[in-house]
2 protein chains.
Amino acid sequence: MQNRQGSGSEESAAIFKTLAHPIRIAILDLLRHGEECVCHIEAILGKRQAYISQQLAILRAAQIIIDRRDGMNIFYRVIRPEIYALLDAARALSPLPTATPPPMIRLESCPCPKCTPEVAVTD
Amino acid sequence: MQNRQGSGSEESAAIFKTLAHPIRIAILDLLRHGEECVCHIEAILGKRQAYISQQLAILRAAQIIIDRRDGMNIFYRVIRPEIYALLDAARALSPLPTATPPPMIRLESCPCPKCTPEVAVTD
DNA sequence: CTAATATATTCCAATTGTTGCATATCGTCA
DNA sequence: TGACGATATGCAACAATTGGAATATATTAG
């Protein structure tokens with residue numbers, strides 16, 4: 001491990017990947033109210049059963065939801081409410097370009113002017 | 001448009017997709033301080049230049065960062081600080097299974113007991 | 001103009017995701 | 001037990017993405 005790249009970038013990326021799908025997001029939104037059975041989700045989203053089941057499997061594998069059997073139906077519910085913070089934050093992303101203040105870093109393995117201030121631009 | 005699936009699920013999915021990559025997350029983390037030139041990013045992350053450039057292009061296309069030329073170097077900076085809320089929220093996602101309260105929805109296009117309470121379980 | 005440096009873009013092969021179809025599994029009802 | 005309803009899973013064809021290599025562009029120096 002010679003080049004670390006922030007902490008938990010991999011895990012974060014995995015989470016984003018799981019959420020990077022409109023149907024999965026829609027399913028999670030449906031589950032905001034609480035438990036829902038598969039047929040419900042199927043009916044509301046208007047997608048084929050097998051497809052919904054697949055997406056549920058992905059969310060289940062990601063440990064974001066879990067299933068509970070009740071007679072003939074299977075109900076799903078979210079076990080990580082924190083994901084809603086993510087969904088909400090994503091929706092909050094509007095086309096509002098903002099500015100950010102300038103940097104302040106120096107690195108010897110980098111040849112840019114900011115990293116070699118001594119032999120910087122025209123003396 | 002016969003089956004809506006929440007609001008902005010597509011857009012949100014696109015955002016998550018853009019963030020669903022460890023290198024891109026690492027780059028954004030680097031840019032938390034402010035502007036950084038490509039060679040900096042390259043040196044810090046220890047990846048090939050072309051590769052970094054590709055990831056920057058993706059973030060740029062997503063309108064999350066913009067570039068500014070200064071002589072021979074090109075500096076990038078984040079123009080949507082809100083994405084940090086997303087990154088932080090993702091990192092906050094720990095393996096802590098929580099419980100969620102039961103549902104409360106009824107739908108006529110669904111055959112499950114909760115949707116057909118009248119002809120529900122054994123009368 | 002030519003060379004050198006910094007960064008971007010294009011091309012490609014390998015991997016991965018998508019989606020329809022068929023089928024398996026499990027519980028229920030008669 | 002057998003048929004049926006609700007879900008899950010396996011598979012195949014096709015679309016999209018990924019990361020590497022080579023190459024192109026732009027700026028500065030001489």
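Lettering of chains follows the sequences in order, A, B, ..., and the numbering in each one begins at 1.
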For [X] and [N], what is the distance between atoms [atom1] and [atom2] respectively, to the nearest whole Å?
| X | N | atom1 | atom2 | answer |
| --- | --- | --- | --- | --- |
| Gln54(B) | dA22(D) | CD | C1' | 12 Å |
| Tyr51(B) | dT18(D) | OH | P | 9 Å |
| Ile58(A) | dA8(D) | CD1 | C1' | 13 Å |
| Lys47(A) | dC21(C) | NZ | C1' | 17 Å |
| Ile52(A) | dT19(C) | CD1 | C1' | 12 Å |
| Phe16(B) | dG17(C) | CZ | P | 18 Å |
| Leu19(B) | dT17(D) | CG | P | 15 Å |
| Gln55(A) | dT19(C) | CD | P | 8 Å |

Side-chain ion pair, Arg24(B) and Asp29(B), N-O less than 4.0 Å: no
Arg68(B) bridged to Glu35(B) by N-O distance under 4.0 Å: yes
Interface residues of residues 59-66 of chain B with DNA chain D (non-hydrogen, below 4.0 angstrom): none
Taking N or O atoms only and anything under 3.5 Å, show me the protein contacts with nucleotides 5-7 of chain C, one pair per line.
| residue | atom | partner | partner atom | Å |
| --- | --- | --- | --- | --- |
| dA6(C) | O3' | Met72(B) | O | 3.3 |
| dA6(C) | O3' | Asn73(B) | OD1 | 3.4 |
| dT7(C) | OP1 | Ile74(B) | N | 3.2 |
| dT7(C) | OP2 | Cys39(B) | N | 3.0 |

Net bend of the helix from dC1(C)-dG30(D) to dA30(C)-dT1(D), end axes of five pairs each, nearest 10 degrees: 20°
Any Lys17(A) side-chain nitrogen or oxygen under 4.0 Å from OP1 or OP2 of dT16(C): no
Below 4.0 Å: OP1/OP2 of dG20(C) and any side-chain N or O of Arg48(A): yes
How long is the gap from [atom1] on [X] to [atom2] on [Y], to the nearest 0.5 Å?
| X | Y | atom1 | atom2 | value |
| --- | --- | --- | --- | --- |
| Leu31(B) | Ile79(B) | CG | CD1 | 11.5 Å |
| Ile52(A) | Arg48(A) | CD1 | CZ | 9.5 Å |
| Gln54(A) | Leu56(A) | CD | CG | 10.0 Å |
| Leu86(A) | Ile15(B) | CG | CD1 | 11.5 Å |

Steps toward side-chain contact (heavy atoms from CB on, under 4.5 Å) verdict (Ile66(B), Tyr76(B)): CA-CA 6 Å; Ile66(B) 58 172; Tyr76(B) 277 92; over 6 Å; no
Nucleotide nearest His21(B) (side chain, heavy atoms from C-beta), chosen from dA22(C), dT18(D), dA8(C): dT18(D)
Sugar-phosphate only, base, or nothing, as touched by Arg24(B) at under 4.0 Å among non-hydrogen atoms: sugar-phosphate
ILVMFWY cluster, [X] and [Y] together (side-chain gap under 4.5 Å):
| X | Y | result |
| --- | --- | --- |
| Ile58(A) | Ile74(A) | no |
| Ile27(A) | Tyr51(A) | yes |
| Ile83(B) | Tyr84(A) | yes |

Derivation and outcome, side-chain contact (heavy atoms from CB on, under 4.5 Å), residues Ile65(A) and Glu36(A): CA-CA 11 Å; Ile65(A) 62 178; Glu36(A) 290 291 358; over 6 Å; no
Asn73(A)/Cys39(A) under side-chain contact (heavy atoms from CB on, under 4.5 Å): CA gap, chis, key distance, verdict: CA-CA 8 Å; Asn73(A) 306 293; Cys39(A) 56; 4.2 Å; yes
